[in-house]
Student: 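Quick one: the structure is below, and I'll ask about it shortly.
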Amino acid sequence: MPEGHSLHRIARQFSRNFVGHRVAASSPQGRFAEGAALIDGRVMVDARASGKQLFLEFEGGRWLRVHLGLYGAWDFAGEITTDATIRSSNGRIGQTNQHGTIVDDDAGEDSISSIGAPRLARRHKARLRMSEQEKEDDDPDFVFPPEPVGQVRVRLLTEDAVADLRGPTACEVLDPAGVESVLDRLGPDPLNDPSEAAKARVVEAVLAKGSPIALLLMDQSVIGGIGNVYRAEMLFRARLNPHTPGKKVPREVVEALWDDWVYLLDLGVRTGQMLTMDGLDPEAKRKAMASREDRHWVYRREGLPCRVCGTNIVMELLAARKLYWCPFCQQ
DNA sequence: CATCGATGTTGAG
DNA sequence: TCAACCTCGATGG
C-alpha cells in the first residue's frame with residue numbers, strides 16, 4: 001500500500017528516534033526469531049529508504065531490509081518525534097512552544113504550508129502507525145513499552161522508543177553485499193539520487209522498452225517508489241495515454257515524468273499525503289488536504305466526470321492492478 | 001459481525 | 001495469469 005513517500009517518512013522516523021541507539025530486537029510472533037537475534041543488542045547506525053524498500057543498518061555491517069508490501073505497517077510508540085500542525089501567529093518556525101520541543105522544520109515555504117499552519121515536529125510520548133496512512137493515537141496514558149498486539153514480526157526497542165513491524169512482504173537481515181545486490185535491481189529513487197545521470201538512466205530505460213508506460217512507471221527496476229496512485233495521477237498530469245509504449249513516448253515527456261516524480265515525492269515526504277492536484281487554487285488545495293474524495297485527478301474516480309473535461313473517468317485492469325485515466329485528456 | 005478490497009510483490013504453473 | 005501473503009478500515013446486513 002505505501003508508495004515511496006511513506007518509506008522515506010518511515011526512514012526519517014527511525015533516524016529521529018533509533019539511529020544512535022542500542023536496540024533490543026525480538027520477534028514476538030516468532031517467525032523472525034533467528035533474524036532478530038542477528039541484530040539484537042546492536043546500535044542502529046543508519047536508516048534509509050530506496051523506492052518502497054527500507055534499510056536499517058546496525059553495527060557490524062548487518063542490515064535489516066523490510067518491504068511492507070500490500071498491508072504492512074510500522075507502529076511506533078514511546079518518546080518519539082511526530083509531525084504536529086502548530087498554528088503560529090507570526091509564521092515563524094523553529095521556536096519552542098507549549099507543545100514541546102520543535103526539533104525539525106522541513107515544511108518551510110512550500111505551497112501546502114502556505115495554505116494553513118506549517119507542519120512541525122515535536123518529541124513527546126505518543127503512538128504512531130505508519131503505513132500508507134499515518135495515524136497518531138491520542139491516548140497519552142499507555143504503558144511503555146506496550147504489549148505487542150497481534151502478529152508482530154519484529155519489535156525494535158530502545159530505552160524510550162519501540163517500533164513494531166506487522167504484515168511485511170519482506171523482512172530479512174543482509175550483509176553489505178546482500179544490500180548491494182538488492183539496490184542493484186532497483187531503479188533510481190530521486191530522493192536518494194536527483195542527478196542528471198539518474199534521470200538519464202530512467203529516460204533510457206523507458207525509451208528502450210515496448211511495454212506500456214503505465215507498466216513502466218510502476219516497474220521498480222525502472223524507477224523507484226511509484227505505486228498505483230502516483231502512476232495514475234502522474235499520467236494524467238502529463239496528459240499521457242497509459243498504453244503508449246515506452247519507446248513511443250517523446251523523450252521530453254519522459255524527462256517531464258521524472259521531473260514530476262522528483263516534485264511529487266518531495267511534496268509527499270514533506271506533507272505525508274499523496275498530493276497531486278497542487279496546480280489548483282487555494283480553496284481546492286484545502287479540500288484536497290481535507291478529504292480523500294477531493295484529492296485525486298483520476299485515481300479511484302471511475303465513472304465520475306474528469307475534473308478538466310467532464311468525460312467519465314475509466315478504469316481498466318492492467319497486470320491485475322486498477323488503472324484509472326481520462327480517455328479524452330489522455331489521448 | 002461477516003465480507004470485501006487495498007497505495008505490492010513473489011513465485012508456482 | 002493468478003493465488004498467496006496475512007492486515008485492517010470500510011461497507012453492508
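None of these values were measured; they are calculated from a predicted model. All heavy atoms count here, side chains included; hydrogens, waters and symmetry mates do not. Just so we're on the same page: letters track the sequence lines, and every chain starts at 1.
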Student: Measure distances between side-chain N and O atoms of Q133(A) and base N and O atoms of dT7(B), and say whether any donor-acceptor pair falls under 3.5 Å.
Tutor: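 It does, because a donor-acceptor pair links the side chain of Q133(A) to the base of dT7(B) below 3.5 Å.
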
Student: If I take atom CG in residue L186(A) and atom P in nucleotide dG8(B), what distance separates them, rounded to the nearest angstrom?
Tutor: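 About 15 Å, once rounded to whole Å.
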
Student: In this structure, how many angstroms lie between the C1' atom of dG5(B) and the OH atom of Y299(A), rounded?
Tutor: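 After rounding, the gap between these two atoms is 10 Å.
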
Student: Taking atom P in both dT10(B) and dC8(C), compute the distance separating them and give it to the nearest angstrom.
Tutor: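 It comes out at 22 Å once rounded to the nearest Å.
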
Student: Which whole-number value in Å describes the distance from R65(A) CZ to dT10(B) C1'?
Tutor: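 Atom CZ in R65(A) sits about 11 Å away from atom C1' in dT10(B).
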
Student: Let me check I have this right: for DNA chain B, each base becomes ., (, ), [, ] or |, based on Watson-Crick or G-U pairs with both distances under 3.5 Å. What is the full string?
Tutor: ||||||.|||||.

Student: Is the number of heavy atoms from other residues, nucleotides or ligands under 6.0 Å of Q331(A) CD greater than 12?
Tutor: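 Result for CD/Q331(A): enclosed.
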
Student: Taking CG from L165(A) and C1' from dC5(C), how many angstroms apart are they, rounded to a whole number?
Tutor: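 Spelled out: CG on L165(A) to C1' on dC5(C) is 14 Å.
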
Student: Less than 6.0 angstrom from the centroid, inside 45 degrees of the normal: does R239(A) satisfy that with respect to the ring of F236(A)?
Tutor: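 The answer is yes, since R239(A) meets both limits relative to F236(A).
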
Student: Once you round it to whole Å, what is the distance between P of dT9(B) and CG of L54(A)?
Tutor: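 So the CG-P distance, L54(A) to dT9(B), works out to 14 Å.
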
Student: Any side-chain N or O of Y230(A) less than 4.0 Å from the OP1 or OP2 oxygen of dT7(B)?
Tutor: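 It does not, given that no N or O in the side chain of Y230(A) lies less than 4.0 Å from OP1 or OP2 of dT7(B).
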
Student: So which nucleotide from dT7(B), dG8(B), dA6(B) ends up closest to the side chain of R300(A)?
Tutor: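 Given the options dT7(B), dG8(B), dA6(B), the side chain of R300(A) is closest to dA6(B).
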
Student: Output the rounded distance in Å from NE2 (H296(A)) to C1' (dA6(B)).
Tutor: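 Rounding to the nearest Å, NE2 of H296(A) and C1' of dA6(B) are 12 Å apart.
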
Student: Measure from CE on M130(A) to P on dC8(C) and round the result to the nearest Å.
Tutor: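 After rounding, the reported distance stands at 16 Å.
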
Student: May I ask you to verify if any side-chain N or O of R321(A) is less than 4.0 angstrom from the OP1 or OP2 atom of dG8(B)?
Tutor: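 Yes, such a contact exists.
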
Student: Picking from dC8(C), dT7(B), dC5(C), which would you name as closest to the side chain of Y71(A)?
Tutor: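 Closest nucleotide among those given: dC5(C).
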
Student: Given the side-chain rings of Y324(A) and W297(A), with only the six-membered ring counted for Trp, is the space between their centroids under 6.0 Å?
Tutor: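 No, the ring of Y324(A) stays outside the 6.0 Å limit from the ring of W297(A), centre to centre.
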
Student: Would you call W261(A) and I223(A) a side-chain contact if the rule is heavy atoms closer than 4.5 Å?
Tutor: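 The answer is yes; the side chains approach within 4.5 Å.
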
Student: Within the structure, does a side-chain N or O atom of R129(A) lie under 4.0 Å from either OP1 or OP2 of dC8(C)?
Tutor: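 Yes, because at least one side-chain N or O of R129(A) sits under 4.0 Å from OP1 or OP2 of dC8(C).
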
Student: Between R185(A) (CZ) and dT10(B) (P), how many Å, whole number?
Tutor: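 Taking CZ of R185(A) and P of dT10(B), I get 8 Å after rounding.
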
Student: Identify whether NZ of Lys or CZ of Arg in K125(A) sits under 6.0 Å from the centre of the six-membered ring of F142(A) and within 45° of that ring's axis.
Tutor: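 Geometry flag: set, cation within 6.0 Å and 45°.
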
Student: Please report the distance separating the P of dT7(B) from the corresponding atom of dT11(C), rounded so that it comes out in whole Å.
Tutor: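 The answer is 15 Å between these two P atoms.
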
Student: Does any part of the side chain of N241(A), heavy atoms only, come nearer than 4.5 Å to the side chain of T244(A), both counted from C-beta?
Tutor: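 Yes, side chains in contact.
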
Student: Using the side-chain hydrogen bond (donor to acceptor under 3.5 Å, both in side chains) rule, collect all pairs that involve residues 145-157 of chain A, keeping only residues at least two apart or in two chains.
Tutor: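 Sorted result for residues 145-157 of chain A: Q29(A)-Q151(A), Q29(A)-R153(A), R155(A)-D164(A).
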
